[in-house]
2 protein chains.
Amino acid sequence: MTADLVAVLVAVTDGTPKIMTIAGGSALPSGPFEFAHRSLQTALRAWVEAQTGHPLGYVEQLYTFADRGRSGNAKTPHSISISYLGLTREDRVGEGFEAHWTGWYDYFPWEDHRAGAPAFLAKMLAPKLKAWAKSAPSPALQRERWQRCSITFGLEDRDWNEELVLQRYELLYEAALIPEAGRENGRGASIVPGKPMTSDHRRILATGIARLRAKIKYRPVVFELLPAEFTLLQLQRSVEALAGRLVHKQNFRRLIEQQELVEETGAIAADTVGRPAKLFRFRHAVLAERAVIGTKLPLSRT
Amino acid sequence: MTADLVAVLVAVTDGTPKIMTIAGGSALPSGPFEFAHRSLQTALRAWVEAQTGHPLGYVEQLYTFADRGRSGNAKTPHSISISYLGLTREDRVGEGFEAHWTGWYDYFPWEDHRAGAPAFLAKMLAPKLKAWAKSAPSPALQRERWQRCSITFGLEDRDWNEELVLQRYELLYEAALIPEAGRENGRGASIVPGKPMTSDHRRILATGIARLRAKIKYRPVVFELLPAEFTLLQLQRSVEALAGRLVHKQNFRRLIEQQELVEETGAIAADTVGRPAKLFRFRHAVLAERAVIGTKLPLSRT
DNA sequence: CATCTTATGCTCAAGGAGAGTATAAATGGC
DNA sequence: GCCATTTATACTCTCCTTGAGCATAAGATG
């Protein structure tokens with residue numbers, strides 16, 4: 001038996017959340033766990049550093065898989081995959097490595113609601129989901145399926161919940177609307193826009209995105225993705241990029257400031273359009289002051 | 001290399017949260033993962049069923065450990081432990097099995113604040129933590145340590161946050177105030193009340209408690225621990241038992257009812273003191289209606 | 001009947017969240 | 001210089017939630 005580490009490494013550049021990929025963007029970076037390390041975390045850090053040439057910021061475990069039929073590869077059934085979420089900045093990655101950065105919405109175009117719900121959602125996805133629901137054996141199951149679809153995707157005037165990334169992915173998988181679903185039996189047409197990935201890497205990515213979208217609401221982890229100094233708008237754009245939805249600017253600033261998450265550097269942002277903005281830095285002291293308790297971002301769903 | 005499953009199985013009986021233990025209450029049930037199963041979840045369910053003679057309700061993965069020096073046992077360094085949280089009811093467990101149910105506050109007496117903060121907290125724990133803080137090399141570190149103590153334990157008029165179970169455990173471990181901390185170097189005096197456990201099982205239990213305390217606030221998982229029919233007070237007592245703190249009765253009922261989590265059965269509780277209470281049952285429909293979205297319990301910390 | 005205990009209905013004030021208005025400070029085109 | 005455009009920043013207003021308490025109801029027990 002072997003154990004593999006799979007990493008969801010996230011960075012945000014110019015309002016685009018990106019993840020580190022290998023093999024032309026078709027897989028997440030992964031590698032065998034070496035027992036030489038004291039813990040899984042240190043193993044992951046060492047391994048990422050070797051791959052990318054740069055240290056890792058915030059790290060958090062995601063999930064451990066051991067499903068036999070899961071990998072789609074019958075030759076390696078006795079393997080456990082331990083997945084991690086890691087936050088960095090793109091510019092930190094050294095040159096000459098195999099890794100690339102790919103926008104995460106390339107894999108999940110239905111997860112970006114910043115400009116409203118994507119057009120293809122109502123136009124083509126919803127009908128296909130409806131068809132899938134109709135294909136259930138009993139009327140009760142049909143209603144149940146459709147209810148599930150409209151809740152997870154926010155159809156029929158329901159609110160869209162940005163945290164249900166994994167549920168949406170699994171629904172599409174179950175409805176066989178993504179290539180990963182048809183792999184075992186040879187069918188593999190891409191019914192819905194979005195790049196597929198090897199094995200279940202896209203599911204792991206969905207888990208990571210969901211976790212991060214939940215986390216930014218109560219922990220100051222966004223700052224791991226930002227440069228040392230930033231404007232409040234940059235901060236807001238990063239949050240919006242991760243959450244996949246826009247927030248009210250004034251309320252956002254009110255919340256950030258009343259929580260004393262940031263402090264002015266005294267400098268002013270250069271090279272900008274419009275009125276110049278003050279530069280801020282993260283108040284690292286809050287990590288000690290409030291420890292693990294809570295910080296809030298205006299991303300609740302009503 | 002091997003993989004082990006470790007289970008935190010929780011039940012609530014008469015307002016006492018209990019966990020399934022083996023070896024006289026000194027360990028959590030655990031066993032090797034058999035690759036015969038399709039997934040970790042099914043392996044865990046099969047295994048728990050074999051041990052306890054009864055099926056398992058809600059199951060959720062907790063954490064995967066692979067720290068070499070972690071187990072304290074040099075003979076089995078190449079092992080991965082995958083821990084799970086499972087919810088049942090005590091009465092469901094069959095007879096003639098090795099397992100026992102032990103109150104979880106036996107292991108974490110400092111986590112029960114239902115009757116106010118436990119007396120030994122201020123009387124003996126706080127001074128010991130203060131001494132530990134003082135033993136830091138520099139004044140800055142001393143302040144930092146003490147700040148951390150008072151935040152995680154809610155000392156000096158701070159609010160107590162019931163979710164910081166793991167942080168409190170780790171702080172006590174770091175300060176060498178629990179037997180587990182001294183095991184490697186032979187010291188092992190029990191400085192603080194509370195039963196220790198083998199290996200890092202108490203840490204895993206802390207992880208499980210923390211997860212459950214967080215979860216009950218936004219998912220209707222409490223009902224997994226209750227009989228099919230219950231009074232609102234029973235429901236409240238169960239929540240309080242898990243959270244380790246009391247809630248305002250009227251507000252609790254307001255929240256439960258306005259969310260339509262339960263419905264009246266029409267029956268009235270028998271054999272009670274005081275005015276008889278209506279019996280309720282969980283509206284399983286909410287699981288479909290709101291899917292994974294949100295349900296709230298009045299357990300926010302102000 | 002008085003008292004105890006729990007159930008249950010209702011009110012009130014404070015704080016937070018969502019949304020909008022208004023004004024300030026820069027740029028670039030004319 | 002004037003104006004449109006873009007972004008920054010300060011306030012305000014209303015609705016909802018939450019914490020807290022008061023009051024009353026309905027049973028048991030002596």
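First the proteins, then the strands, lettered A, B, ... as listed; each starts at 1.
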Carefully, step by step, assess A:Y84 and A:Q61 under the rule side chain to side chain donor-acceptor pair (under 3.5 Å). CA-CA 4 Å; A:Y84 274 90; A:Q61 196 178 91; 3.1 Å; yes
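- Shown here are the side chain to side chain donor-acceptor pair (under 3.5 Å) partners of A:T207, two or more places apart in sequence or in another chain: there are none.
- Atom NE2 in B:H248 sits roughly 11 Å away from atom C1' in C:dC10 (whole-Å rounding).
- Between the C1' atom of D:dA10 and the CZ atom of A:F252 lies a distance of 17 Å, rounded to the nearest Å.
- Nearest nucleotide to the A:N251 side chain, out of C:dC12, C:dA19, C:dA17: C:dA19.
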For each nucleotide in nucleotides 1-7 of chain C, reading 5' to 3', give B when a protein heavy atom comes within less than 4.0 Å of its base, S when such contact involves only the sugar-phosphate, and - otherwise. ----BBB
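- Other residues, nucleotides and ligands contribute over 12 non-hydrogen atoms within 6.0 Å of the NZ atom of A:K215.
- Put simply, CG on A:L246 is 15 Å from C1' on C:dA19, counting in whole angstrom units.
- Between B:R254 atom CZ and D:dA20 atom C1' the separation is 9 Å, expressed in whole Å.
- Residue A:R213 forms a salt bridge (Lys or Arg N to Asp or Glu O under 4.0 Å) with just one option from A:E240, A:E111, A:E162, and that option is A:E111.
- When rounded to the nearest whole Å, the span between CD of B:Q258 and P of D:dG19 equals 12 Å.
- Across the protein-nucleic acid pair, A:Q259 atom CD and C:dG15 atom P stand 17 Å apart, rounded to whole Å.
- The CD1-P distance, from B:I268 to D:dG27, rounds to 8 Å in whole Å.
- Remark: B:R203 engages B:E170 in a salt bridge, criterion side-chain N to carboxylate O under 4.0 Å.
- Residue B:Y218 contributes atom OH, which lies 21 Å from atom C1' of D:dT17 at whole-angstrom precision.
- The distance between the ring centers of B:F230 and B:F223 falls below 6.0 angstrom.
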